[in-house]
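Have a look at the structure below before the remarks.
Hydrogens, waters and symmetry mates are skipped; everything else that's a heavy atom, side chains included, is used. Quantities reported herein were computed from a predicted structural model and do not represent experimental measurements.
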Amino acid sequence: MTDLIHLSADALARKLASREVSAVEATQAHLDRIDAVDGAINAFLHVNTREALLVAAGVDKARADGDTLHPLAGVPIAVKDLIVTKGQPTTAGSKILEGWQSPYDATVVRRLRAARMPILGKTNLDEFAMGSSTEHSAFGPTRNPWDLDRIPGGSGGGSAAAVAAFEAPLALGTDTGGSIRQPGAVTGTVGVKPTYGGVSRYGAIAMASSLDQIGPVSRTVLDSALLHEVIGGHDLHDSTSLTDPVGALVEAARLGQVEGMRIGVIKELQGEGYQAGVLTRFSESLELLRSAGAEIVEVSCPNFRYALGAYYLIMPSEASSNLAKYDGVRFGLRVVPDGAPTIERVMGATRAAGFGDEVKRRIILGTYALSAGYYDAYYGSAQKVRTLIQRDFAAAFEQADVLISPTAPTTAFKLGEKLDDPLAMYLNDVATIPANLAGVPGLSLPGGLADEDGLPVGVQLLAPARQDARLYRVGAVLESLLEETWGGPLLAKAPEITQIAGGK
Amino acid sequence: MAEINRDDVAHLARLAHIDMTDEELDRMAGELAVIVDSIKSVSEVAGDDVPATSHPIPLSNVFREDVVGETLSNEEALLGAPDNADGRFKVPAILDGE
């Protein structure tokens, strides 16, 4: 039954509905795969075997009883360990939360439970989602299934690698500056950052509240649409949640039509700093879309060059405030120094021991940007740049229905290569950050393999706020045209993973 | 725009309640100087005529009815506490010498 793991979520759902396969078989096949390869990949921080099989058995029984079930009932899923789950630990990739269990479920997790999707476990990430390589996890890096010496992207490297290594057909990620899309690009998978507020963030551990967004991770565009419809829609528990209906995303993915659509190539997101193989594959995608009847136009977003700077002021500022709650009082680690220390000394010692280097760097940077005398020059200015970037998007969307760019400037780099150079690490997000600053939705899908290194390249689509359906409509067309040229899905070209048992 | 030096980092670390060793302060000061240098251009981009955006999708205040919704029980709220007593969080001394 090993081919159960290679099915798309959509195909697996059909086999479940027709009772060709049971939910227990499907779930067990993925648990077996995790057992076989996760020692090499390290995508999972926790494997939820017992509960996943119980949920699956419940689905099988309900189906036998003739109950009406959600189309994805019994399709297993992995959840990024930044999203809280009852009955499983949630660490955020940090020692400060090691062993902690949430007393409540995130809204997206509730929705997975309502659809009766077995949760396979919690996936690895850069600590508190701060990073582009998953190397900042306190529990060791995740490895890229395409090359175990390379990074799987970040912060959601665990979710992307789990899906790329066929350990799960679906996963949840979070995207503050590209943490769903960039891992998707470097692992040859699909990832979507919905419109800001389109998916509830209740129960997502906050990094930068004006930027954070939960979204789907999958191997196909349609699968992301299916998952997006499960998790999307208004939630009273999240005051930034949009009241709009989630929209006909699956229909858009099944329709897949670009004829007569205007697709805008963002002038500023190519050229210098972009790897040659990335640009070659990107140009080919443009040609394919043109051949399918889309009109390719060039758009200019001149203020995007300030996006990275604005992001690295806004994000750390908000993060330094959000992470103040890890004080050793109500939950998580408490380190008590010798003597009879006051709470202040306990906090200092707890946060010194519990946070890793990147988290400390961002807290200090954010504290600096928010401090008296610098607030206007830094945080205030960055918020103005945010307005300029929104205006750039508005102007671009006058000329084009969707925008397109490479998702990341390079393919996956080697583990350790950028660990000592924070600025080089930050540059990985140069193409994904503008969408977070403006709140617009973005999707990354595989665009092929770069000639120079044979590693996956990502293509990013961006749509106006609340027009997530357009991403699926265009993404499905590009995916099917590319798969025609490859003779199948890109992941079919990925090497076999050396099996090293996980033992989590 | 001001540079960021080791003393600044030591002060900021105190404000942020993170104890740092001398080695950490040196390293962090060097790294942050590079980062601050690369992002300071942001302060020169937008003029006074550009309004600030704090939230990507404009929303007015969001209220709900003032009724009790789902809440955590006392036991659930204390589940992850490092220390507790009598149904409350137990905290180390707040003031010195007491």
Side-chain angles (χ1 to χ4, degrees), chain A residues 100-101 103-104 195-197 210-211 236 239-240 242 303 306 308-310 312-313 320 327-334 336 340-344 346-349 351-352 355 360-361 363-365 367-368 371 374 377-378 380-388 390 422-423 436-439 465, chain B residues 1-2 4 8-9 11-21 24 27-28 31-32 34-36 38-48 50-57 59 61-64 69-70 72-73 75-83 89 91-98:
Chain A
W100 179 72
Q101 289 220 10
Y104 70 100
T195 297
Y196 182 82
S210 76
L211 303 162
L236 286 170
S239 60
T240 60
L242 299 177
N303 292 295
Y306 306 114
L308 196 72
Y312 276 96
L313 287 166
S320 70
D327 56 6
V329 172
R330 287 155 300 167
F331 48 84
L333 183 71
R334 175 185 289 180
V336 184
T342 60
I343 183 66
E344 203 165 0
V346 170
M347 282 182 201
R351 290 159 67 81
F355 290 142
K360 289 178 186 172
R361 250 191 309 268
I363 290 175
I364 299 295
L365 186 58
T367 306
Y368 176 64
S371 54
Y374 295 122
Y378 285 146
S381 299
Q383 289 191 317
K384 289 181 174 186
V385 170
R386 204 164 176 174
T387 306
L388 297 176
Q390 287 193 335
L423 203 59
N436 300 83
L437 289 172
Chain B
M1 196 63 46
I4 186 165
D8 295 328
V9 175
H11 173 64
L12 293 164
R14 271 194 302 278
L15 289 178
H17 294 300
I18 302 175
D19 292 350
M20 283 196 187
T21 61
E24 256 183 311
R27 187 160 41 82
M28 191 81 58
E31 288 164 352
L32 288 175
V34 174
I35 296 168
V36 169
S38 72
I39 57 186
K40 65 184 181 190
S41 67
V42 165
S43 62
E44 293 143 23
V45 181
D48 291 339
V50 180
T53 294
S54 61
H55 192 273
I57 312 276
L59 290 173
N61 282 340
V62 177
F63 297 114
R64 65 167 175 82
E70 295 170 64
L72 295 178
S73 66
E75 198 181 39
E76 286 170 326
L78 291 172
L79 216 56
D83 197 6
F89 296 107
V91 185
I94 292 176
L95 298 174
D96 231 342
E98 287 194 350

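Across Ile57(B) and Ala465(A), no two heavy atoms sit closer than the pair CD1-CB, 3.8 Å. In plain terms, the two heavy atoms of Thr342(A) and Pro92(B) that are nearest each other are C-CB, 4.5 Å. Considering every non-hydrogen atom in both Ala377(A) and Ser43(B), the closest pair reads O-CB, 3.0 Å. The two residues Pro82(B) and Phe331(A) make their nearest non-hydrogen contact at CD-N, 3.9 Å. Residues Ala310(A) and Val42(B) share a closest heavy-atom pair of N-CG2, 3.4 Å. Scanning all heavy atoms of the two residues, the minimum distance from Phe89(B) to Val329(A) falls at CD2-O, 3.8 Å.
Of the two parts of Asp327(A), neither the backbone nor the side chain holds a non-hydrogen atom closer than 4.5 Å to a non-hydrogen atom of chain B. Proximity to chain A is limited to the side chain of Glu24(B), based on heavy atoms less than 4.5 angstrom apart. When heavy atoms are compared at a cutoff of 4.5 Å, Ile18(B) approaches chain A by way of both its backbone and its side chain. If you measure heavy-atom distances from Arg14(B) to chain A, you find no contacts under 4.5 Å at all. Neither the backbone nor the side chain of Leu211(A) comes within contact range of chain B, judged by heavy atoms closer than 4.5 Å. Using a 4.5 Å cut-off between heavy atoms, Ala349(A) touches chain B through backbone and side chain atoms alike. Contacts between Leu32(B) and chain A at a heavy-atom distance below 4.5 Å involve the side chain alone, from C-beta outward. Within the 4.5 angstrom heavy-atom criterion, atoms from both the backbone and the side chain of Thr367(A) approach chain B.
The closest side-chain heavy-atom distance from Val36(B) to Leu365(A) is below 4.5 Å. Between Pro422(A) and Ile35(B) there is a side-chain heavy-atom pair separated by less than 4.5 Å. Between Tyr104(A) and Glu76(B) there is no side-chain heavy-atom pair separated by less than 4.5 Å. Arg386(A) is listed as a side-chain neighbour of Pro56(B), based on a closest heavy-atom distance under 4.5 Å. When side chains are defined from C-beta on, Asp83(B) counts as touching Arg334(A), because their heavy atoms get closer than 4.5 Å.
To the nearest 0.5 Å, atom CD of residue Glu31(B) and atom CZ of residue Arg361(A) are 4.5 Å apart. The line from CG of Leu313(A) to NZ of Lys40(B) is 12.5 Å long, rounded to the nearest 0.5 Å. With rounding to the nearest 0.5 Å, the separation of OG1 in Thr240(A) from NE2 in His55(B) is 5.0 Å. Rounding to the nearest 0.5 angstrom, the gap separating the CD1 atom in Ile363(A) from the NE2 atom in His17(B) is 11.5 Å. If you take CZ on Arg64(B) and OG on Ser239(A), they are separated by 11.0 Å, rounding to the nearest 0.5 Å.
The candidate with the highest count of non-hydrogen atom pairs below 4.5 Å against chain A, out of Thr21(B), Leu79(B), Asp8(B), Val91(B), is Val91(B). Your options are Leu59(B), Val34(B), Leu15(B), and the one with the most heavy-atom pairs under 4.5 Å with chain A is Leu59(B). The most heavy-atom pairs under 4.5 Å with chain A, out of Ala16(B), Ala46(B), Ala52(B), Gly69(B), come from Ala52(B). With chain A as partner, the option from Ser41(B), Ala13(B), Gly47(B), Ser54(B) having the largest number of non-hydrogen pairs under 4.5 angstrom is Ser54(B). The most heavy-atom pairs under 4.5 Å with chain B, out of Lys360(A), Gln390(A), Gln101(A), Lys384(A), come from Lys384(A).
With hydrogens and angles ignored, the 3.5 Å screen pairs a side-chain donor or acceptor of Thr387(A) with a backbone N or O of Pro51(B).
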